[in-house]
Every structure is written in C-alpha cells, then in structure tokens.
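What follows is a short report on a single structure.
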Amino acid sequence: MASTPPPRRVALVTGAARGIGRGIALRLAADGLDVALNDLPSSAPELADVARAIERAGRRAVAVPADVSCEPDVARMIADAVAALGALDVMVANAGIACPGGVLETSLDDFERVQATNVRGTFLCYKYAARQMVAQGRGGRIIGACSRAGKQAQAHVFAYSTSKFAVRGMTQAAAGELAKHRITVNAYAPGTIETDLLQSIRATPSGGAYDAPNSPLGRYGTPADVAALVSYLSSSDASFITGTHTSTPFRLRALTDFEKKKNAGQTVSVNGGIYFD
C-alpha cells in the first residue's frame, strides 16, 4: 500500500509586496511551500506580481490584503488564507514601518502609528495564526520581525526601537505558551538591509550614517539574506529552536574595530525553549 504523502505546507507572509517580505515569500515558495501574501490593499498590484512569480515556480499563491493593525482584518486574513490553501503552517509577521526621530521630536501620533503596525500587528498575527495552528493539531512555525534596534536601541528611531523591543517580549512569551502545541516562535533581527525603506531613511537628516556599509563583512544585507534565515526557522531542522531572536548584523561607524569584530558573531540557542535569547 502506498504511503500517504505529507500534507502540503502553507505559509502566510505579511508585508509581502516588496523588500524583505517579498524575498521571504519567494524563498518559502522555492522551499516547496504554498504562500498566502499579505500587504495593504493599496499594494494589490505588487502582491499580484509576487503571486505570479510563485505560481511560475510551481507553487500555489493567494493574495490576502489586510491592515495588520486591525483585528477584524487579521482574523479575516487568516481565514481567507486557510480557505484558499487548506491550512496554515508558517506565519511570518514581517509587516512593519519606521519613523525617524528621537524621544524629543517624536510626536504622539507618529509613536502610536509605529506601535499600531509593529506591535499590535505582530500581536494579532501571532494570536490568530496560533489559534489556527492549535486547531489543526500539527504544530507550526511563527516568526516575527525584530531588528538590531530591538536588541540595542537606536536614539534616532525611538518609536521603532521601542516597537522592536516589544516584538522580542511577545516572541518569548508566545514561545513559552505555545511549545506544548509543538509551535515554535522565533524572530529575525536584521541590521541594515538594502530595501526601499533604507532608501527613504537615507533621505532623512540622520540618513548619512547609512551611506556606506561598515560591518565586518563589508556590505549591507539583502532580502535574500533574511529570507535564508526564515527558510531555516521554518524548516523541520529548526524544531528545537524557539524563543530566539537571530540577527543579521550591521554596525555604525562610531563603533571601534574591536566592537565590530566582537559583534560579528552570533549565538543561536538550540535548547527547546529552556531559556530565551
């Protein structure tokens, strides 16, 4: 008797219209997953382009536009992805925004706008994805978007740094709660990645710090670098890793050569969640 093939795995990637999210979606499709693609409704043409690229690679794709800061939108996004693709195995809560400015000049409106997308949006994606995975009973992977600014705060992006520290806390708390359901929860913490967002930051008064890379590797990262890490965290090989925040680092010119060398290496915990990093 022929064995039953394993179920097709399904991922949902938010902020998938461009940049890191697009790179993650394409990589997961290359890994053999079907992919639900989320971004704001205004990005529907870009989502359609990503969907076509995934379908050309032989995988299924569906666009599920939504505002991740809106709870009814997120609930509907998850339901629509499952209805179209049959399940949800990997949730990548990638969507995020940044607002330049330190504590003295950041307005309350800008602060709350960043928290709404980066904190509330990540929380809602974690919550509704976890509910779906628990109901399915076959485990899963939840992966959030932290940042280097969520490990070492940056004064010139006060609201953004605050939001990314919150993502670390949510990731650790959710990892502890969901481990009994065989759901791992991790986050990636990129340094400077060559995206449209970086271009917009370079145009700000403080953007000169990003004119040239000064990392030990001598370059800025690419969406493909982050996508490779997400690919691993999404795989069965990462089943004993949870509650971690893994970096693709960069360093500003103010750091000494010793500090740059010291921070070039990364330590990733493979401990089943005994403690969180």
Side-chain angles (χ1 to χ4, degrees), residues 5-97 117 120-145 183-186 188 195-196 223-224 226-236:
R8 299 176 74 166
R9 299 178 72 221
V10 176
L12 194 163
V13 182
T14 67
R18 58 188 61 81
I20 292 173
R22 184 180 189 276
I24 290 170
L26 294 175
R27 174 59 187 263
L28 293 180
D31 290 343
L33 281 75
D34 296 332
V35 187
L37 305 164
N38 160 266
D39 216 300
L40 291 169
S42 58
S43 294
E46 291 86 351
L47 285 181
D49 287 342
V50 182
R52 284 190 289 270
I54 289 172
E55 290 165 350
R56 286 195 297 269
R59 307 310 305 178
R60 295 183 298 163
V62 62
V64 285
D67 179 351
V68 296
S69 70
C70 176
E71 186 166 16
D73 275 23
V74 174
R76 184 176 62 252
M77 174 185 74
I78 299 291
D80 288 350
V82 172
L85 300 177
L88 180 62
D89 301 288
V90 178
M91 174 77 236
V92 185
N94 169 76
I97 61 174
T117 297
R120 188 197 309 157
T122 300
F123 156 61
L124 292 172
C125 288
Y126 280 22
K127 175 180 179 178
Y128 283 94
R131 285 184 173 182
Q132 176 63 33
M133 292 174 185
V134 170
Q136 291 171 179
R138 66 190 201 192
R141 302 280 186 270
I142 296 176
I143 302 169
I183 299 169
T184 64
V185 189
N186 295 291
Y188 49 92
T195 62
D196 291 342
V226 182
L229 173 59
V230 173
S231 171
Y232 173 69
L233 292 174
S234 301
S235 73
S236 59

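The figures here come from the full heavy-atom set of this structure, side chains too, leaving out hydrogens, waters and symmetry mates.
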- Query: Is the backbone of Asp73 close enough, under 3.5 Å, to the side chain of Asp67 for a donor and an acceptor to pair up by distance?
  - Reply: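 The answer is no, because no donor-acceptor pair under 3.5 Å joins these two groups.
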- Task: Return yes if some donor-acceptor pair links the side-chain N/O of Thr14 with the main-chain N/O of Asn94 below 3.5 Å, else return no.
- Result: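 Flag set: sc Thr14 to bb Asn94 pair under 3.5 Å.
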Using distance only, find each side-chain donor-acceptor pair of residues 44-55 under 3.5 Å and give its atom names and separation, not counting sequence neighbours.
residue : atom : partner : partner atom : Å
Asp49   : OD1  : Arg52   : NH2          : 2.3

Rounded distance [0.5 Å steps], [atom1] in [X] versus [atom2] in [Y]:
X: Met77; Y: Met91; atom1: CE; atom2: CE; value: 4.5 Å
X: Asp89; Y: Ile183; atom1: CG; atom2: CD1; value: 10.5 Å
X: Leu28; Y: Ser234; atom1: CG; atom2: OG; value: 5.0 Å
X: Asp39; Y: Arg18; atom1: CG; atom2: CZ; value: 5.5 Å

- Message: Between Arg60 and Asp34, does any NZ, NE, NH1 or NH2 come within less than 4.0 Å of an OD or OE carboxylate oxygen?
- Response: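 So Asp34 pairs with Arg60 through a salt bridge.
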Residue pair [X] / [Y]: nearest heavy atoms and the distance that separates them:
X: Gly140; Y: Met133; result: CA-SD, 3.8 Å
X: Gln132; Y: Ile78; result: CB-CG2, 4.1 Å
X: Tyr126; Y: Ala93; result: CE1-CB, 4.1 Å
X: Leu88; Y: Ala11; result: CD1-C, 4.2 Å
X: Arg59; Y: Ala29; result: CG-O, 3.3 Å
X: Gly23; Y: Pro223; result: CA-CB, 4.4 Å

- Message: side-chain contact (heavy atoms from CB on, under 4.5 Å) for Val62 and Asp80? Distances and angles first, verdict last.
- Response: CA-CA 9 Å; Val62 62; Asp80 288 350; over 6 Å; no
- Message: Within the structure provided, determine whether Leu85 and Arg8 are in side-chain contact (heavy-atom separation under 4.5 Å).
- Response: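 Of all side-chain heavy-atom pairs linking Arg8 with Leu85, none is under 4.5 Å.
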- Looking at Val92, Val90, Val35, Ile143, which hits side chain to side chain contact (heavy atoms under 4.5 Å, CB included) with Ile24?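 Result: among Val92, Val90, Val35, Ile143, Val92 is the only option passing the side chain to side chain contact (heavy atoms under 4.5 Å, CB included) with Ile24.
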- Message: Glu71 and salt bridge (Lys or Arg N to Asp or Glu O under 4.0 Å): which single residue from Lys127, Arg76, Arg120 fits?
- Response: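 So the option named by the test is Lys127.
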- Query: Does Tyr128 have Arg131 sitting over its ring (NZ/CZ under 6.0 Å from centre, angle to axis within 45°)?
  - Reply: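 Output yes; distance and angle both within limits.
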- Task: For Arg141 and Leu233, run side-chain contact (heavy atoms from CB on, under 4.5 Å): C-alpha distance rounded to whole Å, both residues' side-chain angles, the deciding distance at 0.1 Å, then the answer.
- Result: CA-CA 8 Å; Arg141 302 280 186 270; Leu233 292 174; 5.9 Å; no
- Task: Decide yes or no on side-chain contact (heavy atoms from CB on, under 4.5 Å) for Val230 and Arg27, but give the supporting numbers first.
- Result: CA-CA 9 Å; Val230 173; Arg27 174 59 187 263; over 6 Å; no
